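Input: a single structure, listed below in structure tokens.
Note that ligands are numbered from 1 as they come in the structure, with each ligand's atoms numbered from 1 the same way. All of these numbers come straight from a predicted model, not from anything done at the bench.
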Amino acid sequence: MVTNDDGVDSPGLMALAAALRSVGSVTVLAPDHNWSAAGHNKTMHKPLRVASVRLADGTPALASSGTPSDCVALAVLGVVEAPIDLVVSGINVGANLGQDITYSGTVAGAIEATISGLPALAVSLNSYDPTADFGPAARVAAAITAALPGAGMAPGVLLNVNVPALPAGELAGTCWTKLGRRVYRDRLLRREDPLGRPYYWIGGDPPGGEPDPDTDIWAVEHGMVSITPIALDMTAHDCLEAVQPWQELLPERVAAALRSAR
Ligand code: MN
């Protein structure tokens with residue numbers, strides 16, 4: 001199953017679906033509008049609509065009023081009758097590197113699949129140009145997807161794939177990476193509406209990043225396809241060891257605070 005966060009009309013989605021047809025049968029269920037940076041957003045208080053549409057190349061698809069993760073949930077829970085064995089989300093217009101994954105609807109679609117127990121990958125192209133060539137990234141996604149079922153992926157782990165916006169012959173290889181650190185350049189813009197009331201816009205230049213070796217940011221900067229395994233378990237396991245000295249102190253203090261409140 002293919003979904004995305006840029007909406008069902010995105011050329012990245014169409015290129016992905018076309019390339020994946022060389023791997024297996026493909027069902028498309030994607031949002032009917034752009035949900036970029038919507039994060040992992042679940043619709044709970046309004047109905048979800050699903051319509052039959054066609055992609056620009058004629059591919060039959062389903063478009064939902066819901067978010068990327070809603071699309072995956074709808075498909076897995078029965079809107080798509082064919083059994084779903086894995087989910088690919090993308091190809092996003094713009095990289096999802098470092099902390100971007102916490103904002104990303106593309107990654108959220110893959111996370112929703114992982115929560116459902118399905119293998120999943122998110123695929124993003126390092127270009128904000130919707131007319132970019134998604135062909136190389138689509139072939140990369142197909143190759144990784146074909147390898148996924150036998151790859152022995154641990155449950156609760158998805159793959160976040162970022163592809164440099166380069167011609168296929170100029171890609172410098174593929175490497176496993178860890179998440180890097182994005183540097184955001186957000187600025188607060190304060191303007192006034194026609195009634196004189198202030199409004200705010202969080203804007204600024206596209207994010208940069210610290211190019212530490214072995215990170216996704218480093219790999220894409222060096223022309224390489226980056227594959228980052230992402231665990232849904234966000235526990236800071238190292239921290240659990242670091243807080244050993246607190247092990248007795250903190251529960252005692254919490255208990256004392258509760259006693260004093262009685
Ligand atoms: Mn997007």
field: the Mn ion (ligand 1) neighbourhood, protein N/O/S only, threshold under 2.8 Å
entry: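 You should have found Asp5 OD1, Asp6 OD1, Ser36 OG, Asn92 OD1.
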
task: In sequence, state the C-alpha distance, the side-chain angles, and the governing distance for Ser104 and Asn92, and then conclude on side-chain contact (heavy atoms from CB on, under 4.5 Å).
output: CA-CA 9 Å; Ser104 171; Asn92 190 57; 5.7 Å; no

- request: Quick one: do Leu86 and Thr145 satisfy side-chain contact (heavy atoms from CB on, under 4.5 Å)? Show the steps, please.
  value: CA-CA 8 Å; Leu86 59 86; Thr145 303; 3.5 Å; yes

query: Going by heavy atoms in the side chains, are Pro136 and Leu166 under 4.5 Å from each other?
result: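 No; the side chains remain at least 4.5 Å from each other.
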
- prompt: Is there side-chain contact between Val28 and Val26, with heavy atoms separated by less than 4.5 Å?
  reply: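 Val28 vs Val26: side chains touch.
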
Side chain to side chain donor-acceptor pair (under 3.5 Å), paired with Thr177, selected from Thr228, Thr215, Asp216: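 Passing option: Thr228.
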
With Tyr184 via ring-ring contact (aromatic ring centres under 6.0 Å, His included) - residues at least two apart: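 Scan of Tyr184 (ring-ring contact (aromatic ring centres under 6.0 Å, His included), adjacent residues dropped) gives Tyr103.
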
